[in-house]
Amino acid sequence: MTERLRLKKNADRRLKAGHLWLYSNEIDTQETPLKGVEPGAQAVIEAANGKPMGIAYINPNSLICARVVSRDVNVRLDRSLLVHRFNQALALRERLFDKPFYRLVFGEGDLLPGLIVDRFGDVLVVQLNTLGMERLGEEVVAALDKVFKPRAIVFKNDSSGRRQEQLESHVEVVHGELPERILLEENGVRFAVPVVNGQKTGWFYDHRANRAWLNGLVDDKRVLDLYSYVGGWGVQAAAHGAAEVLCIDRSGEALEQVAENAALNGVDDRVAIGEADVFEALASLKADGEQFDVVILDPPAFIKKRKDIPNGERAYARLNREAMRLLGRDGLLLSASCSMHLTPERLVECVRGAVRHQDRHGQIIYQGGQGADHPVHPSIPETAYLKALGVRVFRD
């Protein structure tokens, strides 16, 4: 017998508007008790009047207790539907990119809630971020193998989202064999990617277009790349003509990869690394009288939950303020945030406050978001998370 979940009166509005999430407080637990539902099972979602609205997978122990996978109640999320959705996702990426390096599946943006797949040529790195997707792990591997015939598939199941779903962390090669070195190309620059030991899937494709924009403005410039990770921004800047790049990160492992990626592109003579906490590095560089033409700020998410907003906004404001002190008379700041809870307007406000604090002038000359391989679901604002501002900072 198929499980079913009945919604409370008027709780179907967001679903009708296209959203894919249902919260536990929207379920009519008198009619369909959540306690009786097997975690990870798929169920028919019903409006208050009993009308079927779609199929969702369920986790009664999570705040988002149901995620819709199909509007057709006769369809289940199985290998067949996964193959179909993977082909849909692939069709978009092949229209966008001429090489197989991109985010292949972006969760809700590709109608596959809880699933992330990044493609590095013939290596696929997968994140199963929800219980419903975890239960379908074998089907995901089989469907990916059918569509892509990859050399290797890695499960990188160590995200914070899994903890919220009460899932354990594990990283493993679940199909094929990993080559010794995994390479990608972005904006004409090659990178070796630490898919097993690195952050998230090993790489952040979401900033590709923002990096491409900045690459056109770094020729012969002195560049500071803060929170550099493996050099996505800094090594690209050097490859596009920057005279000197300093990459700062607190991870020695990531900085070793920066050095490797600089050498891979023949720019190791122009890329230096510094292992330090970014705020401490900013203070030290200022004390030493250092100045840069371009400063790149691409920090981790300072705001992970709504309750973090006040402290997180203060951290973004301070970071922008301290970074600006290292710009010359007419410099360029690239200020980014991957915190979904920080609105674009608030990032502009952080930049505005920093400019005024330095008694300088600011001109926003670029506003960017995530790349098209991270498609935004128009009904789910949470899928639009990335912001990047290019700001000219100058004195009269």
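Every heavy atom of this structure was used, including side-chain atoms; hydrogens, water molecules and symmetry mates were not.
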Donor-acceptor pair, distance only, cut-off 3.5 Å: does the side chain of [X] make one with the backbone of [Y]?
X      : Y      : answer
Arg162 : Glu168 : yes
Glu139 : Leu136 : no
Thr383 : Ile380 : yes
Gln358 : Arg321 : yes
Gln370 : Leu386 : yes
Asp249 : Ser251 : yes
Tyr205 : Arg119 : yes
Arg4   : Pro52  : no

Next on the checklist: Check Glu349 with Arg346, please: is the shortest side-chain N to carboxylate O separation under 4.0 Å?
Outcome noted: no
Checklist entry - Do Glu322 and Lys286 sit within salt-bridge range, that is, some charged N less than 4.0 Å from a carboxylate O? => result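 Not counted as a salt bridge, because no side-chain N and carboxylate O are separated by less than 4.0 Å.
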Checking [Y] against [X]: is there a side-chain donor and acceptor pair closer than 3.5 Å?
X      : Y      : value
Glu165 : Ser62  : yes
Asp308 : His341 : no
Asp298 : Tyr229 : no
Glu186 : Trp203 : yes

Got more than 12 heavy atoms from elsewhere within 6.0 Å of [atom1], [X]?
X      : atom1 : answer
Glu31  : CD    : yes
Glu172 : CD    : yes
Asn25  : CG    : yes
Lys200 : NZ    : no

Checklist outcome for this item: Distance col, row Glu256:CD vs Asn261:CG, nearest 0.5 angstrom, shows 12.0 Å
Checklist entry - Nearest 0.5 Å, what's the CE-NZ distance between Met340 and Lys387? => result 8.5 Å
Checklist entry - Hey, what's the ring geometry for Phe155 with His170, parallel, tilted or perpendicular (30° and 60° as the breaks)? => result perpendicular
Checklist entry - What are the two closest non-hydrogen atoms of Gly266 and Asp269, and how far apart are they? => result O-OD1, 4.0 Å
